[in-house]
S.K.: 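Quick one: the structure is below, questions incoming.
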Amino acid sequence: MKRKFSSPAILVAVFLYVLLQFTWWEILLVRQNDALTTERERLTALNAPDAASLDRSLALLRHRKNMQTLMIVGEGTIFLLLLLYGVSRIRRAQAAEERFGKNQKNFFLSVTHELKTPIAAVQLQLQTLAKQKLDEPARLSLVGRALEENERLNALIDKVLLASSLESGELMLKKEKTDLSEMVTAICSRYFGQAVDAGQLVVNAPSGVEAYVDQQLFPSVIINLIENALKYSGRPSQVVVRVEAAGRARMLSVADNGDGIDDAERDRIFERFYRSGNESVRRSKGTGLGLYIVKYIVVKHGGLVSVAANKPHGSVFQVRLDA
Ligand code: ADP
């Protein structure tokens, strides 16, 4: 609605106008200073008692003139630098706002799509069940698929609710001493059993690596990282989840051999609603909330999450917590 007032072109035009006007005033002030000094020199020459005192007075006048010119130019430069800094901050804030708006629009589109798809699928499965006389295996297969769609729907809603509760800032952590390896192993077999059985997901978590984590929230970190690694790996994929202790630090890493993430996007993928613009990501389902949730929870635990390139290709996400 207010776009035409916040457009970058207007900002640049205002900045250029101020710059030109300011430069013009500076030139004018320096010229006036020169003219004033010339007039003072003329008067001093008329009133000087002797040549030696005239030289001293003229030197003093020139020194003063130089100092004043320096002051005008110096203050002008500082003002312009501050102006430039202010404009660049405003421009950056505008760009972030535009990006956020675009991400939010994409989010609504993909959530709408992700809500409608399972609902339509379940509806079709129920209609088929109601209308047709099916044998037992076909009936069980339809019911199984309907349950899967329902579970997906549930997981999506949970993710959106979790992100919005994080956003409200009311979340309190309840950290408890936890065997991280046990937690990771249990999550892998509960949520990613098929990938583990197919050898796509390898868990390397020697027992006894303990950390203080919130047992309700921290699983979201593990699930989101593994889900992404499997989703963005392509086929054949191999995802390796590792838990280890390094001194007082506890490390959880999830490595995949997918397409990886461009350097320019490494920070942005943790933003709320951000999804990479590349085609393979666009084709996969997602909301842009997973890594936002991961980062929020890890930071709330006093930890760090980072992403690096895997070799020969892919990504490694690493979470570091202090024991
Ligand atoms: P979503 O997966 O729902 O899009 P996320 O917040 O989990 O949202 O991820 C944000 C973006 O980060 C993804 O859209 C994708 O572009 C990128 N990304 C996340 N994990 C990986 C990964 N393991 N490999 C490549 N890209 C990834």
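Both ligands and their constituent atoms are indexed starting at 1 by order of listing. Position 1 is the first residue of the sequence, and the numbers go up from there.
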S.K.: What I want to check is whether the side chains of Tyr296 and Glu167 have a donor and an acceptor closer together than 3.5 Å.
M.R.: no
S.K.: Is the closest basic N to carboxylate O distance between Arg250 and Glu244 below 4.0 Å?
M.R.: no
S.K.: Classify the contact between Ile261 and ligand 1 as side chain, backbone, both or neither, using a heavy-atom distance cut-off of under 4.0 Å.
M.R.: side chain
S.K.: Please report whether ligand 1 has a polar contact with Gly286, defined as an N or O pair separated by less than 3.5 Å (distance criterion only).
M.R.: no
S.K.: Which atoms from ligand 1 have a heavy atom of Asp256 less than 4.0 Å away?
M.R.: 22 (C), 23 (N), 24 (N)
S.K.: Is Gly258 near ligand 1, meaning one of its heavy atoms is under 4.0 Å from it?
M.R.: no
S.K.: Under 4.0 Å from a heavy atom of Thr287: give me the atoms of ligand 1 that qualify, with their elements.
M.R.: 1 (P), 3 (O)
S.K.: Is a side-chain donor-acceptor pair under 3.5 Å present for Ser306 with Gln318?
M.R.: no
S.K.: Using a 3.5 Å cut-off and no angle test, enumerate the donor-acceptor pairs between side-chain atoms of residues 139-150 and protein atoms at least two apart in sequence or in another chain.
M.R.:
from	atom 1	to	atom 2	distance (Å)
Arg139	NE	Glu136	OE1	3.2
Arg139	NH2	Glu136	OE2	3.0
Glu149	OE1	Arg152	NH1	3.2

S.K.: Should the pair Glu39-Arg42 be classified as a salt bridge under the 4.0 Å nitrogen-to-oxygen rule?
M.R.: yes
S.K.: Any non-hydrogen atom of Phe270 lying under 4.0 Å from ligand 1?
M.R.: no
S.K.: Consider every N or O of Ser276 and every N or O of ligand 1, then say whether any pair is closer than 3.5 Å.
M.R.: yes
S.K.: Looking at Phe270, I'd like to know if the NZ or CZ of Lys295 sits under 6.0 Å from its six-membered ring centre while staying within 45 degrees of the ring's axis.
M.R.: yes
S.K.: Which one of Val213, Leu252, Ile293, Val319 satisfies the side chain to side chain contact (heavy atoms under 4.5 Å, CB included) criterion with Val298?
M.R.: Val319
S.K.: Lys65: what forms a salt bridge (Lys or Arg N to Asp or Glu O under 4.0 Å) with it, not counting sequence neighbours?
M.R.: Asp34
S.K.: Closest by any non-hydrogen atom to atom 11 (C) of ligand 1: pick that one out of Tyr274, Tyr292, Phe273.
M.R.: Tyr274
S.K.: Using a plain distance cutoff, I'd like to know if Gly260 has any nitrogen or oxygen under 3.5 Å from a nitrogen or oxygen of ligand 1.
M.R.: no
S.K.: Counting only nitrogen or oxygen atoms and a 3.5 angstrom limit, does Lys285 reach ligand 1?
M.R.: no
S.K.: Do ligand 1 and Lys159 have nitrogen or oxygen atoms that lie under 3.5 Å from each other?
M.R.: no
S.K.: Would you say the ring centers of Phe22 and Phe79 fall short of 6.0 Å from each other?
M.R.: yes
S.K.: Under 4.0 Å from a heavy atom of Leu289: which atoms of ligand 1 are those, numbered in the order shown and with their elements?
M.R.: 6 (O), 8 (O)
S.K.: Short list, please: which atoms of ligand 1 are under 4.0 Å from a heavy atom of Lys231?
M.R.: 1 (P), 2 (O), 3 (O)
S.K.: Counting each atom of ligand 1 from 1 as listed, which ones have a heavy atom of Ser315 under 4.0 Å away?
M.R.: 24 (N)
